[in-house]
Amino acid sequence: MQIDYIAEKKLFVLATPNSTYAMAINGQGALGHVYWGKRVSRAADLFEPPPGFGGVSQQEYPGWGEYFFDEPALKIAFHDGTRDVRLRYASHDTVSHRESRELRILLKDSFYPLSVTLVYRLHPDCDVIDRHAVVTNEGADPMTIESVQSAAWYPPRDNTYRLSYQTGRWGKEYRPQEWTMGQGRAVLDTRRGTSGPDFTPFFWLDVNGKADEDNGQIWFGALHWSGNWKITIERNRDNQTRITGGVNDFDFSWVLRTRESFTTPVFSGAFTDAGFGAASRIWHDYQRAYLFRKEKANGLMPLIYNSWGTFQFDIDEKRMVQLAELAAGIGVELFVIDDGWFGRRINDKCSLGDWYPSPDRFPNGLNPLIDKVNSLGMDFGLWLEPEMVSPDSDLYRAHPDWVFRFQNRDCSQYRHQLVLNLARDDVKEFAFNTMHNLLRNHNIKYFKLDNNRYISEPGWACVDIPDQKSVWVKYYHNFYDIFERLTKAFPNVLFENCASGGGRVDFAMHRYFDRINRSDNQDPLDELFLHEGFTQANLPKLAGGGCHISKGMCGINGRSTPMRFQAHVGMLGSLAIGENLFQCNPAQLDELKGYAALYKEIRPVTHRGDFYRLISPREQPLAAFEYVSKDQNDAVLFVLGQSMQFRDVLPNIRLKGLRPETVYEVEGGKRMSGAGLMHIGIPVPLRGDFDSRVIRIRAVPEA
Ligand code: GLA
């Protein structure tokens, strides 16, 4: 990684291992974009600015003002009514952090006391550039921010790009979509108060739709923001494509008073010329090295038992103790009590907010169960939904003013619950103290944060009217502050991100949460498709659930599938069992024991290795995924059948990411070189619907 400034050309050049990013100060003194794409090492090649560079339309961080008509990065109303931002270069410096290096470019408005610092952060051995902006009012009069985006990205002009993105809803997250961009503007966003699931805060652009898993140039990015966000992808009349993203400006404004600053979330961008598979691996490595908490980055995910899949709200100490005994017997490492342990919670109509153990079902508190779980050699985990309150709860009766509500209006309920206004500091402290006390007073090693409705009618009566639209952002400032403090205080607790499944999956959440309830849909057939989408931007080991092996959420489509298929699909990520163990016969318990052992054996490779999507379930009656250890000595191949028809011959499975000259042994005895496995491949016979194989492949000394 390298950051250079070539003074005589007023040119900034950022170099990552495979890409170059360049910008320069133009004739008006504004900062214009020059180049982003495949590595160009000779700086002199960047001296000739591209067409459009001198005008306002190719600014690194375009303010809404002057003769500019596209999506702005910054829109401000000054105190005197002027709504026109003109940013000019003032100075720059570079800062070294422990691992990364940062370029900071200071821009100032040509008249008003407004400054913007653009920050570009590079990391060693990584093609990701992290960008954000800091907007400061350096004067005495307030100014109102109407839109403040994190960054604008410019892939090379004139190309026709295909935009790939993801859409979804509950139970159907991360579905791939694409749009071939003519002149026009596409907006991906959320107004629900959570980062998903309708869209995910990611984009991928390739030229003419030519890129595939292994080939082709891709410009791609991800926003680190868990609330309302917006990514605008536009191709203007001059064939310039621009991607602008950050906090959603819908129903947003922020009054910046004297000497105050607004820091945007990070918007990461990266380039590869090796297709969508490489783009995914760039994100996966980046997450492990620079996003996740250090304590958990390379950790192995425990085998989980979760009560929800079978028992839902029907849990009590006695039955959970019996269940824990059975779970320990099959090799479970973490025993989780989901919803239903607190207050009077026997269904979803009450008690959110009353976070004390149910006096009827856990009359002695949680500790007797936790002690039992620990004595069986397992860790204990707990579910909580601290951002919510049931109208039928002691908390709501005590603090009806803590929820979002507009004056003279009722607030809509969903799942019989209301949203607490976390932007209030008293609510934030309540949520923090609730979780802190639970963690401090119990031996809890896993904490499942849930969030089961969106934010609507976001009234915040007790602040001045001009400040009320800041609530969407202040909510998340407080949310991050809570988890910053909790993860510091309890570094060994595994924090799980759940929002009705994958309703809030983004890179900001990845900083605090080590596992994701990837979807409430744990039908293993659907999960083949979820895995393909999820892994585009997210490390596979994050892909959790509560009950991969169970009849509960597995049965979302009313389809029954073999336990073996459920287990193999669950092992693609972080495996959890939710089966009713009371109803399993000894043979079934033994079968589960076998899956537990297999999961533990392969997870060092599946969690720490490189990930390859070999065959898409959208193209064949099966899916194939492969994980390769970083030293390329071990691989695990998953071949997962859907429905077989016409006695069709199945494709040979061609592996990826092996050393061509090394000889490998495929489980079962067959030996082949890496080149043979990658180019000729191996047949993997599947019989019948939902048949599956997990095959280990190991480097062997050549015989
Ligand atoms: C949500 C979660 C589930 C489960 C239930 C409990 O639906 O996604 O995993 O925790 O809430 O009410």
Side-chain angles (χ1 to χ4, degrees), residues 168-174 192-197 226 301 304-316 320 334-355 357-358 361 380-390 392-393 413-419 435 438 444 446-454 494-505 509 513-524 526-527 530 534 542-556 566 570 573-580:
R169 60 160 167 74
W170 178 83
K172 190 185 178 188
E173 297 92 343
Y174 333 103
R192 293 172 182 268
T194 53
S195 51
S226 314
M301 292 295 173
I304 292 180
Y305 185 91
N306 182 301
S307 60
W308 182 250
T310 293
F311 300 95
Q312 306 242 316
F313 299 100
D314 191 12
I315 54 177
D316 59 44
M320 290 304 108
L334 175 66
F335 186 80
V336 177
I337 296 299
D338 207 278
D339 201 347
W341 60 269
F342 53 92
R344 292 175 294 108
R345 184 87 166 168
I346 48 164
N347 55 37
D348 64 7
K349 294 198 170 70
C350 70
S351 295
L352 292 176
D354 299 342
W355 301 113
S358 156
R361 283 161 289 141
F380 179 81
L382 196 66
W383 176 99
L384 209 76
E385 197 177 358
E387 296 156 272
M388 301 291 160
V389 65
S390 310
D392 181 6
S393 66
Q413 290 184 32
Y414 184 83
R415 209 192 189 208
H416 315 286
Q417 62 195 59
L418 301 169
V419 189
M435 291 185 267
L438 276 166
I444 294 173
Y446 157 104
F447 200 80
K448 177 174 171 186
L449 174 83
D450 210 340
N451 177 298
N452 283 312
R453 63 155 288 174
Y454 306 115
L494 197 151
F495 287 85
E496 170 147 335
N497 163 13
C498 173
S500 295
R504 188 162 57 179
V505 177
M509 294 296 280
F513 294 88
D514 318 297
R515 186 179 191 268
I516 299 172
N517 182 22
R518 189 250 305 272
S519 177
D520 273 347
N521 181 353
Q522 284 154 47
D523 171 325
D526 286 359
E527 281 200 287
L530 291 170
F534 180 83
L542 292 171
C547 39
H548 296 114
I549 309 179
S550 80
K551 293 185 188 59
M553 300 307 280
C554 266
I556 190 169
Q566 296 171 8
S574 161
L575 180 64
I577 300 174
E579 186 69 44
N580 187 344

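Remember, it's 1-based here, ligands and their atoms both numbered in the order they're listed.
- Given atom 4 (C) of ligand 1, the protein heavy atom at minimum distance is Asp338 OD1, 3.4 Å.
- Of the N or O atoms in Arg345, none lie within a sub-3.5 Å distance of an N or O in ligand 1.
- Between the side chains of Gln522 and Gln566, no donor-acceptor pair is found at a separation under 3.5 Å.
- Any N or O atom pair closer than 3.5 Å counts here, and Trp308 shares no such pair with ligand 1.
- Side-chain N or O atoms of Trp341 include one that pairs as donor or acceptor with a backbone N or O of Trp383 at under 3.5 Å.
- Contact between Phe311 and Ile315 at its shortest, heavy atoms only, is CB-CG2, 3.9 Å.
- In this structure, the side chains of Asp450 and Leu384 stay at 4.5 Å or more apart for every pair of heavy atoms.
- For Glu385, no heavy-atom contact with ligand 1 is shorter than 4.0 Å.
- Comment: Glu173 does not engage Arg518 in a salt bridge, judged by the lack of any side-chain N to carboxylate O separation of less than 4.0 angstrom.
- Under 4.0 angstrom from ligand 1, the non-hydrogen atoms of Arg415 all belong to its side chain.
- Side chain of Ser390 to main chain of Ser351: a donor-acceptor pair is present (N/O by atom type, distance under 3.5 Å, no hydrogens or angles).
- Listed by number with element, the atoms of ligand 1 under 4.0 Å from a non-hydrogen atom of Cys498 are 2 (C), 8 (O).
- Atoms of ligand 1 lying under 4.0 Å from at least one heavy atom of Asn452, given by number and element, are 1 (C), 7 (O), 11 (O).
- Taking the six-membered ring where the residue is Trp, the centroids of Tyr305 and Phe335 are separated by under 6.0 Å.
- By the 3.5 Å distance cut-off applied to N or O atoms, Gly501 is counted among the residues near ligand 1.
- Set against the non-hydrogen atoms of Asn517, the atoms of ligand 1 under 4.0 Å away are 8 (O), 9 (O).
- In this comparison of Asp339, Asn347, Val336, the heavy atom closest to atom 6 (C) of ligand 1 sits on Asp339.
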Quiz prompt | Step-by-step side-chain contact (heavy atoms from CB on, under 4.5 Å) determination, Ser307 to Met320 | solution = CA-CA 8 Å; Ser307 60; Met320 290 304 108; 4.2 Å; yes
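- When hydrogens are left out, the protein atom nearest atom 9 (O) of ligand 1 is Lys448 NZ, 2.8 Å; that is the closest non-hydrogen contact.
- Nearest protein heavy-atom neighbour of atom 2 (C) of ligand 1: Asp450 OD2, 3.0 Å.
- Counting only heavy atoms of the protein, atom 7 (O) of ligand 1 lies nearest to Asp520 OD2, 3.1 Å.
- Residue contacts with ligand 1 for Ser500 involve N, CA, C or O but no side-chain atom from C-beta outward (heavy atoms, distance under 4.0 Å).
- Both the sub-6.0 Å distance and the 45° axial angle are not jointly satisfied by Arg453 relative to the ring of Tyr414.
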